[in-house]
There are 2 protein chains.
Amino acid sequence: MGRKQVWEQGEVLASAMRLFRRRGYLGASLRDLEEATGMHPGSLYRAFSSKEGLFSAALDDYNERVVEGRVRAHLRDAEDPVAGIRSFFTSAFDTGGGPEPDPGCLLTNTAVESFSVPHVAPGVRRGLETIESGFADALTRAQAQRLLPEELDVEKSAAQLLALYQGLLVLVRSGTDAAKLHTITDGALALIRARNATAKQADEEEQR
Amino acid sequence: MGRKQVWEQGEVLASAMRLFRRRGYLGASLRDLEEATGMHPGSLYRAFSSKEGLFSAALDDYNERVVEGRVRAHLRDAEDPVAGIRSFFTSAFDTGGGPEPDPGCLLTNTAVESFSVPHVAPGVRRGLETIESGFADALTRAQAQRLLPEELDVEKSAAQLLALYQGLLVLVRSGTDAAKLHTITDGALALIRARNATAKQADEEEQR
DNA sequence: GTAGTTTGTGAGCGATCGTTCAACTACAAG
DNA sequence: CTTGTAGTTGAACGATCGCTCACAAACTAC
């Protein structure tokens, strides 16, 4: 009983997410969000309690749909895991020449802005772990296919790939040209072929 | 003639910079900045014209003092350039156990927030180039000292190190533990020892 | 129909935002 | 001293912020 809800959660979260990705948490005002979602303040607050609640829901949605989707497509389901890692990187800036510049990664942006949105730190962590474990999965499968040496430390390499990827996203935001972004993508492949990515040799480095 | 200025530009910019690093451009209000700098709104606007003017001055100061200082200490003046690269990375999160958590890198934060502060993009670019050319300098010197193979493509490796470094700073902000941050630092050294960082092999990768 | 319940609407709240400006103070020159 | 100038002060402006709430609308159960 009662009136029917006229808006769809998926659509509202998608448009809120788009705004947060572009402008950040502080940069997206409630008036902006009202215009983007087509909802009025009363309904927004009835559904999400606060601006931070809406942001948190948008971040969860980002993790579930965008991050997991991309990780599955490029890393977990890729036939060639190494090529998948490459395409995972390039897909972050090769947006197919669409009209919109780049929405930015909500995880990267939120991690940096986290002082202003303290409650969402766990959500950011979860998203980053999804990416990292996706890298680890691809690396393990690459080893099984003899595309990468067995000595490669999968865990460490995955962490390094995650960092390189986050750095790539920062540089995308700073307006770095495509050639350099491709160079950085090459770096991902350089990383996982490096000899000293093993635990043993990392220890040797430690003694410097 | 006229009254003497009672505040020092260096001190004011330093405290404004600290606040901007922690909270970002939008997160630092004028009231916060007044408290941090000890200045009153009239004087602030007399000196810097606007909040963005103050931010821009703080960013320039950050580039000149903090970025250039660290690049010189760890990369340009280091006896062992490879060890310098390592310490450049670790110094981003090994803050010596000081009381303050981490102020964040103004370049990283601003790059991500750039939609809200459009006029400072060139300043961010300049700072990032300072770091990148610092890496290039260290790599070149390392080659001269036979610490790294001649086949290493210095330009490309410098770009990749910059990306990895920016990613490290993102992960620092997300609360990543020190062990993983050290692993990422190991990644920097893995990168510059990789065989396929040369131009020739990068081209081979391109064909995937 | 009426009663009960859920959702949508939007005016408007108090707080805070970045910014301005007229009054005031401290100095140098004559 | 007076006059002119550069610097400081802080009250207060209009705009916008996140958010509330009384009311209207749409639905079910009876």
Side-chain angles (χ1 to χ4, degrees), chain A residues 1-59 106 109-110 113-120, chain B residues 1-59 106 109-110 113-120:
Chain A
M1 59 179 81
R3 192 170 170 171
K4 281 176 189 162
Q5 189 172 292
V6 298
W7 49 276
E8 283 194 48
Q9 172 126 327
E11 293 177 12
V12 164
L13 287 182
S15 43
M17 185 200 304
R18 200 175 319 134
L19 202 62
F20 281 131
R21 287 174 72 178
R22 244 198 275 272
R23 300 225 246 260
Y25 176 76
L26 292 174
S29 79
L30 267 205
R31 266 81 177 176
D32 295 333
L33 289 162
E34 288 165 26
E35 192 185 9
T37 61
M39 287 178 74
H40 295 87
S43 297
L44 270 175
Y45 275 81
R46 233 170 96 54
F48 301 104
S49 304
S50 65
K51 183 185 179 184
E52 194 169 329
L54 173 58
F55 183 82
S56 188
L59 179 60
L106 197 54
N109 303 1
T110 308
E113 214 184 1
S114 59
F115 189 97
S116 310
V117 214
H119 284 41
V120 296
Chain B
M1 58 179 80
R3 193 169 173 175
K4 281 177 188 162
Q5 188 172 291
V6 297
W7 50 276
E8 284 194 46
Q9 172 127 329
E11 292 177 13
V12 164
L13 287 181
S15 44
M17 185 200 304
R18 199 175 319 132
L19 202 62
F20 281 131
R21 287 174 71 177
R22 243 200 276 272
R23 298 224 248 259
Y25 176 76
L26 292 174
S29 79
L30 252 268
R31 266 83 179 174
D32 294 333
L33 289 163
E34 289 165 26
E35 192 185 10
T37 61
M39 288 177 75
H40 296 86
S43 296
L44 269 175
Y45 275 81
R46 232 180 94 62
F48 302 103
S49 305
S50 65
K51 183 185 178 182
E52 195 168 329
L54 172 59
F55 182 82
S56 188
L59 179 60
L106 197 54
N109 303 1
T110 307
E113 215 184 1
S114 59
F115 189 97
S116 310
V117 214
H119 290 247
V120 297

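Reminder, nothing fancy here: chain letters follow the sequence lines and each chain counts from 1.
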Phosphate OP1/OP2 of D:dG7: any B:Trp7 side-chain N/O under 4.0 Å: no
Test ring pair (Phe, Tyr, Trp, His ring centres under 6.0 Å) applied to B:Tyr25 - qualifying residues, sequence neighbours left out: B:Phe55
B:Phe20 vs B:Leu54 side-chain heavy atoms within contact, under 4.5 Å: yes
d(CG, A:Leu44; P, C:dG8) in whole Å: 10 Å
Partner set under side chain to side chain contact (heavy atoms under 4.5 Å, CB included) for B:Ser116, not counting sequence neighbours: B:Leu26, B:Glu113
Gap between atoms CZ and C1', on B:Arg46 and C:dT25 respectively (whole Å): 13 Å
Pairs flagged by side-chain hydrogen bond (donor to acceptor under 3.5 Å, both in side chains) wherever residues 33-54 of chain B is involved - sequence neighbours left out: none
Within residues 8-17 of chain A, residues whose heavy atoms come under 4.0 Å of DNA chain D: none
Where protein sits on nucleotides 22-30 of chain D, one letter per nucleotide: B base, S sugar-phosphate only, - none, heavy atoms under 4.0 Å: --BBBBSS-
Spacing of B:Leu33 atom CG relative to C:dC17 atom P, expressed in whole Å: 10 Å
Side-chain heavy-atom pair B:Phe48, B:Leu33 within 4.5 angstrom cut-off: no
Distance below 4.0 Å between A:His40 side-chain N/O and C:dG10 OP1 or OP2: yes
Sequence-distant partners of B:Ala14, side chain to side chain contact (heavy atoms under 4.5 Å, CB included), two or more places apart: none
Partners meeting side chain to side chain contact (heavy atoms under 4.5 Å, CB included) with A:Ser114 (sequence neighbours left out): none
Anything under 3.5 Å between a protein N or O and an N or O of nucleotides 18-20 of chain C, put it in a table, one pair a line.
| residue | atom | partner | partner atom | Å |
| --- | --- | --- | --- | --- |
| C:dG18 | OP1 | B:Lys51 | NZ | 2.6 |
| C:dG18 | OP2 | B:Leu30 | N | 2.6 |
| C:dG18 | N7 | B:Arg31 | NH1 | 2.6 |
| C:dG18 | O6 | B:Arg31 | NH2 | 3.0 |
| C:dT19 | OP2 | B:Tyr45 | OH | 2.3 |
| C:dT19 | OP2 | B:Lys51 | N | 2.8 |
| C:dT19 | O5' | B:Tyr45 | OH | 3.0 |

Short side-chain to backbone donor-acceptor contact, A:Asn109 and A:Gly24, under 3.5 Å: no
Interatomic distance, A:Arg21 atom CZ to B:Phe115 atom CZ [nearest 0.5 angstrom]: 13.5 Å
For B:Ser29, all residues meeting side chain to side chain contact (heavy atoms under 4.5 Å, CB included), sequence neighbours excluded: B:Arg31, B:Asp32
B:Arg18: salt bridge (Lys or Arg N to Asp or Glu O under 4.0 Å) partners, not counting sequence neighbours: none
Gap between atoms CE and C1', on A:Met39 and C:dG10 respectively (whole Å): 14 Å
